[in-house]
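So you know, we letter chains A, B, ... as the sequences are listed, proteins then strands, and number each from 1.
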Amino acid sequence: MGSIAKIHEMLQSKQVSCTELTKSYLEEIEKANGELNAYVCVTPDEALQTAAAVDKKIAAGEEIGLLEGVPMALKDNMSTKGIDTTCCSKILSGYKPIYDATVWEILKAQNAVMLGKTNMDEFAMGSSCENSCFGGAMNPFNTCHVAGGSSGGAASAVGGNIAAYGLGSDTGGSIRQPASFCGVVGLKPTYGAVSRYGLIAYASSLDQIGPITKSVEDASLVFDAIAKQDKRDSTSLGAVGGTTYDKLNNDIKGMKIGIAREYLDGVRDDVKEAVLAAAKVYESLGAEIVYFDLPVLKFALPVYYIIACAEASSNLGRYDGIRYGYKTAHYTGTHDMICRTRSEGFGEEVKRRILLGTYVLSAGYYDAYYKKATDLRGTIIKAFNDAFTHCDVILAPTVPMTAFEKGHAVSDPVETYLTDICTVPVNIAGLPGVSVPCGFNADGMPIGMQLIGKSFGEATILNAAYQYQQAAPEQFKDTKWGVKL
Amino acid sequence: MGCKAVKYELVSGFETHIELSTKTKIFCGCTTQFGGEPNTHCCPVCIGLPGTLPVLNREVVRFAIKAGLAVHGKIAEVAKMDRKNYCYPDLAKAYQISQLYEPLIIGGYIELNSGRKIRLHHIHIEEDAGKLLHQHGDTYVDYNRGGVPLIEIVSEPDIRSIDEAKEYVEKLQQVMRWVGISDCKMQEGSMRCDVNISVRPEGTEAFGTRTEIKNMNSITNIARAMAYEYERQVDLIESGGKVVQETLRFDDATGTTSSMRSKEDAHDYRYFRDPDLVTINVPRDEVEALRAEMPELPGEKFERYVDDYDIPEKDAALLTKYRNISAYFDKAIEGVKSPKTVSNFIIGQIFRRVETESDKEVFAVATSPEQLNELVKLLDSGKIRNNLAKATLEKMLDSGKGALEFISESDMGGVDDNALLALCKAAVEGNPKAVEDFKNGKEKAIKALVGNVMKNSRGKADAVAAEAKIKELIG
Amino acid sequence: MVTREDVENIALLSKLFVPEEELDGLTASMQEIIDFADAINNAPVSDEGFDNINNLSNVFREDEVVPSYPASEILKNAPEQAEDHFLVRNRE
């Protein structure tokens, strides 16, 4: 049984009160956060307030919803009214939004108990969480290793049992990669399944919010809750593929699971072996493994960086020290104030991507880079559609390696970008992808595999992931940290 | 300019911004009302708070299509929104959502009285920026206007004189008000023009280097700025200099233009498709539905008044300047013999009571078009005569009452044909002298005879008919 | 080929200051990233084209007024404000 269902049962059957449970989570955060650095802001008052409300309902003998009273965390790029929302950037220091993101509005209405906001790479730009102005989140399996990024805090908190589940955002792998590094489940939904309203934009055509959880059931439950069409987000469609939780137990005999050879290129051996072992497990469950080529994948990474940086350069133009956030102390004139504020407020990686994005959009380069990348996006989508004519689900590594040691990532930009090679194609094509633990390397660091589905095929990939979880429970290891249910 | 060895031709194109009078802003539900306390017509979306997203106001698209139809433009089947990136404190997101690659309206034209057509390149929809207030170096920002919907009407460089420029702006203003998409109040900034201007030796084809005068907010200033800029460019060229392509601001006080350029704005807007907004498809049946809703346009009405009612062009122009006036006129002429008479009453007497332009635009007149119609019909039927009608109309306009309130039975009834014949016979027989004079070619003599008829009919006979009869009798 | 001038220009467009001493380093790292991006130049251009993910069209709001926020809320996060305006005070 997943943690959420378990907590629900414990609350409903009064084995524990929501207040007690919330307190124990808050205590464990106290103990663990110094090392994990998963939370950048903890909200005990709000949490206990909601918990009290839930206890009232239970005391009154009312039925509570599945997510009601379950302690959780939001990535710090989701707008929370009156609660600091900084994207872990100095430029948003002290910013307290005056409105709630749609996902938070939905969960709040169901009495979700928010424990706080989780750590991330500044503006979700990074793969280690070390680009956070609060310092990186650490890996619950070994705190000398990074939690991954950009949703590192959420993955660390869930892996470290100091949140039952977390919401992350995924632009080029920011949910799946840290989930893989931290040995938890991370779902990047189909573009448009979950509203982006209130998600502070990195790259608008790639960003999606999704759950990071201990189990596939949990991911499915949370996805079903947040995948709603939102009239405030023109690109939102909701769960076109229907709910997923009720479809978890479908057997996968005869399911065609595709492996694109290109996904295995340049992947470290231990990772490759773990993924191929998982393929064997699927065969034992009656699925059929089909190999195929996806040559266009070799363009995915540059296409991703061109599009993401171009959109980011535009999305991040608004941080000018006038309406909210950081403002430089000393300046002469408005232009100078804006330039100083931005130069002092943004970190190096963010500045680098803004400059790159500005470059690829600027006169004389637009056609060669941005336009070309957008055209190729069409080609990549087509390639995936073709691939799904020979298979139902694509199996791939989530990351070519396991969590690296702290301070290791930030050396060379391009080399760092390569860690995203397996995750970005899904964002470019707007497809759903779920990362599931599938093994451990020699040092005991988790390895993740990725199941990629057709557009709005969440139910299919989650069911496939669930079948694996049932068949290989040993890959879902717990850590020493946090609340033991 | 006449004294110059070479004559220079002025070449100008306009970029006109018009605020649409939708109820709400283009991407959020905030009101578009003019003014209001600072930052009270704002929400997270229109001040660009992180994480907010735009949702396009359907009415903006419909209004823009009406604008397109009003200027004979082609309504695109597919249109898209782009981001125009530039960082300025009045622009909350540091980009303006606009259209570059696939605008909603393509082509179209404004026809001048001369019959010349000023071609339009396209019309696109976009959002307005906030307002900046500069006080001793401090900058105050109010975002009430931020996100108010605009259309930008971009003309080809077809304008060849300051008069054409003025007429172009007036015609644009007239037709956009006419179709009800904007009040086009230049003084309130709901209509603003950027004027592109260059000069070239008369008879040559190649365009000269152009300058752009930004944000002109009155027709008078447009004329002043263009006159100044024309002279400046001609003098520059005459003295062997070169015109630099740049954007200029016009100084109302000095009547001169000056460069707006500063090293701070290296302009490169980096336009790209806005990923937060989806494609606009305009179904043809929707366009046809809107076309059907369109009122008869001022140009068409003008033609009709001149051709069908032989109303002088000068008067037809006055009647079609505002939609309410022509609507009043159209009602008042229903079933009358001579619409020209109605036109004369409106322009002659009624206009004296609605002097200002804004009064003319509203055209709230005490006498309803139906009442005027009734009066004119009495005239048509010969039951009353012109000077009585005129006097009556004044009383009607004072009181708002109908004609019959002021015209007694005895004033009416006129004189039937037999009675008229009798009266004329009497006049001829009773004034042999006048008859003689007339026969000897003294045209005026006939007036005496007609006067006699009028006197004996107590002014009720139709003078024109009487004169004709008398001429008949005298042979 | 990314030049110092390119970097200076895009920095200005991006409203970012690049200290003289960092300019060469930044130019080099930009060049490295651009070289890597250049991989797409030899990618086969197919005629698929791309409009938007899920090919959505005609998503609109109705023209109905929604109450605005009070100025106090709108200005809540402003680093500087005066008379219900956002303010950039002249520090010259």
S.K.: Would you say A:Lys108 has more than 12 foreign heavy atoms packed within less than 6.0 Å of its NZ?
M.R.: yes
S.K.: Is A:Lys371 close to chain B through its backbone or its side chain, or both, or neither, when contacts mean heavy atoms under 4.5 Å?
M.R.: neither
S.K.: Quick check on the interface: out of B:Pro89, B:Cys43, B:Ala92, B:Cys28, who has the most heavy-atom pairs with chain A under 4.5 Å?
M.R.: B:Ala92
S.K.: Considering only heavy atoms, which portion of A:Tyr191 lies under 4.5 Å from any heavy atom of chain B: side chain, backbone, both, or neither?
M.R.: side chain
S.K.: Relative to each other, are the rings of B:Phe272 and A:Tyr370 parallel, tilted or perpendicular (30° and 60° limits)?
M.R.: perpendicular
S.K.: Which distance, rounded to the nearest 0.5 Å, do you find between the CZ of A:Arg318 and the OH of B:Tyr95?
M.R.: 4.5 Å
S.K.: Using every non-hydrogen atom in the two residues, find where A:Tyr324 and B:Pro50 come nearest and quote the distance to one decimal.
M.R.: CZ-CD, 3.6 Å
S.K.: Mind checking the CD1-CD1 spacing from B:Ile47 to A:Ile98? Nearest 0.5 Å is all I need.
M.R.: 5.0 Å
S.K.: Would you say NE2 of B:His17 has more than 12 non-hydrogen atoms from neighbouring residues, nucleotides or ligands within 6.0 angstrom?
M.R.: yes
S.K.: Counting only heavy atoms not in B:Gln135, do more than 12 fall under 6.0 Å of its CD?
M.R.: yes
S.K.: Below 4.5 Å from any heavy atom of chain B, which atoms of A:Tyr95 appear? Answer side chain, backbone, both or neither.
M.R.: side chain
S.K.: Are the side chain of A:Ser234 and the backbone of B:Pro54 linked by a donor-acceptor contact shorter than 3.5 Å?
M.R.: yes
S.K.: If I measure from the heavy atoms of chain A, does B:Asn85 come under 4.5 Å with its side chain, its backbone, both, or neither?
M.R.: side chain
S.K.: With a 4.5 angstrom heavy-atom cut-off, is it the side chain or the backbone of A:Ala363 that approaches chain B, or both, or neither?
M.R.: both
S.K.: Would you call B:Arg83 and A:Asn315 a side-chain contact if the rule is heavy atoms closer than 4.5 Å?
M.R.: yes
S.K.: Give, for atom SG of B:Cys87 and atom CG of A:Asp320, the distance between the pair rounded to the nearest 0.5 Å.
M.R.: 5.5 Å
S.K.: Side chain, backbone, both or neither: which part of A:Leu199 has a non-hydrogen atom closer than 4.5 Å to chain B?
M.R.: backbone
S.K.: Using 0.5 Å steps for rounding, measure from the CZ atom of B:Arg273 to the OG atom of A:Ser205.
M.R.: 10.5 Å
S.K.: Less than 3.5 Å apart, any donor N or O on the side chain of A:Arg323 or B:Tyr143 sitting next to an acceptor on the other?
M.R.: yes
S.K.: Going from OG on A:Ser204 to CG on B:Asp276, what distance comes out if it is rounded to the nearest 0.5 angstrom?
M.R.: 4.0 Å
S.K.: Report which part of A:Thr358 has an atom under 4.5 Å of a heavy atom belonging to chain B: side chain, backbone, both, or neither.
M.R.: both
S.K.: Between atom OG1 of B:Thr52 and atom CG of A:Asp233, what is the distance when rounded to the nearest 0.5 Å?
M.R.: 11.0 Å
S.K.: Need one label for B:Thr139: side chain, backbone, both or neither, based on atoms under 4.5 Å from any heavy atom in chain A.
M.R.: side chain
